[in-house]
Amino acid sequence: MKVEYGVIQDIDSWMTLVEEGRWSFPGLETPEGLDEHRAVVLKFMGKKQAICAKEGNEIAGVMLFSRGHNMICCLAVSPAYRRRGVASLLMDEALRNLDRTKEITVTTFRSNDEKGSAPRALYEKYGFLEDALVEEMGYPNQKYILYPADSEKKERAMAIHKMVGRISGILQGCTPSVYLYGSSVLNDFRLGWSDIDILVLTGKQMSEEQAQRLVGLRGEMLEEEPGNLYYRSFEGGMLTLDAFLSGKKERIVYWGTSGEQITDTYMFDSFGRVELIQYGDLLYGRDIRSQLKAPAFSDLYADVERHYKTIRRYAQKTERSIYSFGWMLDIPRCIYTLRTGRIIAKTRAAEWALENRLCSDADVLAYALEVRRGPIAHNDEYTFDYAEKLAESVQRFADVLEKELYAKSTKLQAGEVSDELRLLPEYIE
């Protein structure tokens, strides 16, 4: 058995193999779909991104990969050659062509799909980890990621996978949908500062016993793995979709910075709602985001205004903590939203403010950005002393936010700004 780059002369044999298993691949069920795939294969062959395993002159398996996107695009093995290591030969060759210092992605069938058993086992053998549940061509799939060695994101992904598994197990019978949003999906997570934001929406209200188990879950997992730095970072709410949409009171589990509790209400602001709808990852269950209403611009404006008042009230004095630098990052994020109607990550917001010279204390904002990028490295007395003296700079920066609020309020009242948000894809790193 040998692995070769596919060439034009292979296309008929290649497509014969694809046609054998076309019913397993969404989009290839029709002659038109096969014709389109044939054109794609020829394009990949031209870029030397199509490989095939051959036994003599017979093609036993095929794979398409993309160097530009650093991903595995398609894998198929002839039924006559399965369980003979063909897929592993192709995977070995593809990984030699891709950048192992960056994330390598692939999508395949979900765990509850009988077609997923073999490919999922293959990817997991090579170290790929489960990621978001997605749809491709209207078919439910799951994304897998192979992280670089010693990647922080790999450790975080493993912790998220374990946590989601425990939550879904506890809520069995309640049809939970588990979402990841916030800094993790905005590519702005910083270990030692950021939270891992999750939202669990169920079809049926959880029992008191289930709620009690969820309340103690973070602590339980920390006891099992005392050295894990991620479990204490999980925050979010767990409630029925009905209560989330209507705001009615019911049994709700809340995990926050200061602890966890069973409560009867849950606040989810418009920033979180935009992040959830536009950027959130579905990690478990059925995607019910089509039932969520996107906030209007006036909702975002109201949340920015509330945050502005919080800054004026509580940031008159700052504490000896790296979190005090958060005031300097929240302000440009609010300004960006007022100007564009979009959500931006905190790190990028600070960079944007520096680029546009929005802060008169640029050196303070620059240091806040430095701390944000490496919070663990700034766990020192100099940084804590600096944090304790931030109040005047925060308030001067809040003056800029106040002017933005006034200007946008005037335009809203004059009808010069649309109240409808258009949630369009945007590169936000």
Check your understanding: Going by distance alone, is a donor N or O of one side chain under 3.5 Å from an acceptor N or O of the other, for Q210 and R251?
Key -> no
Review point. For the residue pair V62 and C52, what are the closest heavy atoms and their distance?
Key: CG1-CB, 4.1 Å
Check your understanding: Is the NZ atom of K54 crowded by more than 12 outside heavy atoms at less than 6.0 Å?
Key -> yes
Review point. Hey, what do you get for CD1 (I198) to OH (Y284), rounding to the nearest 0.5 Å?
Key: 14.0 Å
Point to revise | H378/Y367 aromatic ring centres below 6.0 Å | key: yes
Practice item. May I ask you to check whether E235 and T257 show a side-chain donor-acceptor distance below 3.5 Å? Key: yes
Point to revise | Note, F189 side chain near I196 side chain (heavy atom, < 4.5 Å) | key: yes
Check your understanding: For L276 and L292, what are the C-alpha separation, side-chain angles and deciding distance, and is it a side-chain contact (heavy atoms from CB on, under 4.5 Å)?
Key -> CA-CA 10 Å; L276 176 66; L292 307 184; 3.6 Å; yes
Practice item. Please name the pair of heavy atoms, one in A132 and one in L283, separated by the smallest distance, quoted to 0.1 Å. Key: CA-CD2, 4.2 Å
Exercise for review: Only counting residues at least two apart or in another chain, list the ones meeting side-chain contact (heavy atoms from CB on, under 4.5 Å) with E220.
Suggested key: R166, E224
Point to revise | Separation between OG of S117 and CZ of F109, rounded to the nearest 0.5 Å | key: 11.5 Å
**Study point:** CG (D363) with more than 12 external heavy atoms under 6.0 Å
**Key:** yes
Exercise for review: Give me the ring orientation class for Y254 and Y266: parallel if the planes are under 30° apart, tilted from 30 to 60°, perpendicular past 60°.
Suggested key: tilted
Practice item. Give every residue pair that meets the side chain to side chain donor-acceptor pair (under 3.5 Å) criterion with at least one member in residues 169-181, sequence neighbours excluded. Key: Y179-D287
Practice item. Would you give the length of the straight line joining atom CD of Q49 to atom CZ of F44, rounded to the nearest 0.5 angstrom? Key: 6.0 Å
Review point. Do V364 and M328 have side-chain heavy atoms sitting under 4.5 Å apart?
Key: yes
Check your understanding: Got a salt bridge between E155 and K153, using NZ or NE/NH1/NH2 to carboxylate O under 4.0 Å?
Key -> no
Review point. Do I160 and Y230 come within less than 4.5 Å of each other through their side chains, counting heavy atoms only?
Key: no
Point to revise | With D361 via salt bridge (charged side-chain N to carboxylate O under 4.0 Å, His left out) - residues at least two apart | key: R396
Exercise for review: Examine the side chains of T383 and D380 and answer whether a donor and an acceptor come within less than 3.5 Å of each other.
Suggested key: yes
**Study point:** Interatomic distance, L146 atom CG to M71 atom CE [nearest 0.5 angstrom]
**Key:** 13.0 Å
Exercise for review: With the side chain counted from C-beta on, respond yes when L129 and I145 share a heavy-atom pair under 4.5 Å apart, and no when they do not.
Suggested key: no
Result block: side-chain N/O donor-acceptor pairs under 3.5 angstrom for residues 237-245, not counting sequence neighbours:
residue, atom, partner, partner atom, Å
T240, OG1, A243, N, 3.0
T240, OG1, E250, OE1, 2.8
T240, OG1, E250, OE2, 3.0
D242, OD2, K248, NZ, 2.7

Practice item. Return the set of residues passing salt bridge (charged side-chain N to carboxylate O under 4.0 Å, His left out) with E225 (not counting sequence neighbours), or none when no residue passes. Key: K162
**Study point:** Note, N70 side chain near T105 side chain (heavy atom, < 4.5 Å)
**Key:** no
Check your understanding: Do Y308 and E404 have side-chain atoms, one donor and one acceptor, less than 3.5 Å apart?
Key -> no
Review point. Do you know the tightest heavy-atom contact between I51 and A94?
Key: CD1-N, 4.0 Å
**Study point:** Closest contact, heavy atoms only, L358 versus V400
**Key:** O-CG2, 3.6 Å
Point to revise | S194 (side chain) donor-acceptor with L191 (main chain) under 3.5 angstrom | key: no
Practice item. State the CG-OG distance between L300 and S270, to the nearest 0.5 angstrom. Key: 4.0 Å
Exercise for review: Check for a donor-acceptor pair, side chain of D10 on one end and backbone N or O of G6 on the other, with a separation under 3.5 Å.
Suggested key: no
Check your understanding: H37: what forms a ring pair (Phe, Tyr, Trp, His ring centres under 6.0 Å) with it, not counting sequence neighbours?
Key -> none
Check your understanding: Is there a donor-acceptor contact under 3.5 Å linking the side chains of S111 and Q142?
Key -> no
Check your understanding: Is the backbone of G259 close enough, under 3.5 Å, to the side chain of R218 for a donor and an acceptor to pair up by distance?
Key -> yes
Check your understanding: Can you check whether Y144 reaches E124 side chain to side chain, under 4.5 Å on heavy atoms?
Key -> yes
Study note, to complete from the structure: All heavy atoms of I262 vs all of A211, minimum pair found to be CD1-CB, 3.6 Å
Check your understanding: Does M137 CE have over 12 foreign heavy atoms under 6.0 Å away?
Key -> no
Review point. Counting only N and O atoms by type, is there a donor-acceptor contact under 3.5 Å from the side chain of D269 to the main-chain atoms of F271?
Key: yes
Review point. NZ of K115: more than 12 outside heavy atoms within 6.0 angstrom?
Key: yes
Practice item. Of all the heavy-atom pairs spanning M63 and L90, show the shortest one and how long it is. Key: SD-O, 3.7 Å
Check your understanding: Of all residues at least two apart in sequence or in a different chain, which pass the salt bridge (charged side-chain N to carboxylate O under 4.0 Å, His left out) check with D12?
Key -> R38
Check your understanding: What residue among R373, R333, K346 forms salt bridge (charged side-chain N to carboxylate O under 4.0 Å, His left out) with E351?
Key -> R373
**Study point:** Residues in side-chain contact (heavy atoms from CB on, under 4.5 Å) contact with P79, at least two apart in sequence or another chain
**Key:** E20, R82
Point to revise | Pair listing, salt bridge (Lys or Arg N to Asp or Glu O under 4.0 Å) test, anchored in residues 184-206, at least two apart | key: D188-R190, D188-R372
Review point. Partners of E29 by salt bridge (charged side-chain N to carboxylate O under 4.0 Å, His left out), sequence neighbours excluded?
Key: none
Point to revise | Flag if over 12 foreign heavy atoms under 6.0 Å of CD, E208 | key: yes
Exercise for review: Applying salt bridge (Lys or Arg N to Asp or Glu O under 4.0 Å), run through E4 and K2 and close with a yes or a no.
Suggested key: CA-CA 7 Å; E4 300 177 351; K2 58 183 179 180; 3.2 Å; yes
Study note, to complete from the structure: residues 84-99 vs side chain to side chain donor-acceptor pair (under 3.5 Å), sequence neighbours excluded, gives Y5-N97, E55-R84, R67-N97, S88-K125, D92-Y126, E93-R96, E93-N97, D99-T101
**Study point:** Pairwise side-chain contact, T347 with L329, heavy-atom cut-off 4.5 Å (strictly under)
**Key:** no
Review point. Just checking, is any N or O donor in the side chain of R348 or Y336 under 3.5 Å from an acceptor N or O on the other one?
Key: no
Review point. Nearest 0.5 Å, what's the CZ-CD distance between R289 and Q278?
Key: 10.5 Å
Point to revise | Verdict with reasoning, K143 to E130, per salt bridge (Lys or Arg N to Asp or Glu O under 4.0 Å) | key: CA-CA 6 Å; K143 183 178 178 182; E130 293 179 354; over 6 Å; no
Review point. Does the side chain of T202 come within less than 4.5 Å of V200's, by heavy atoms?
Key: yes
Check your understanding: Sequence neighbours excluded, which residues qualify as ring pair (Phe, Tyr, Trp, His ring centres under 6.0 Å) partners of Y123?
Key -> F128
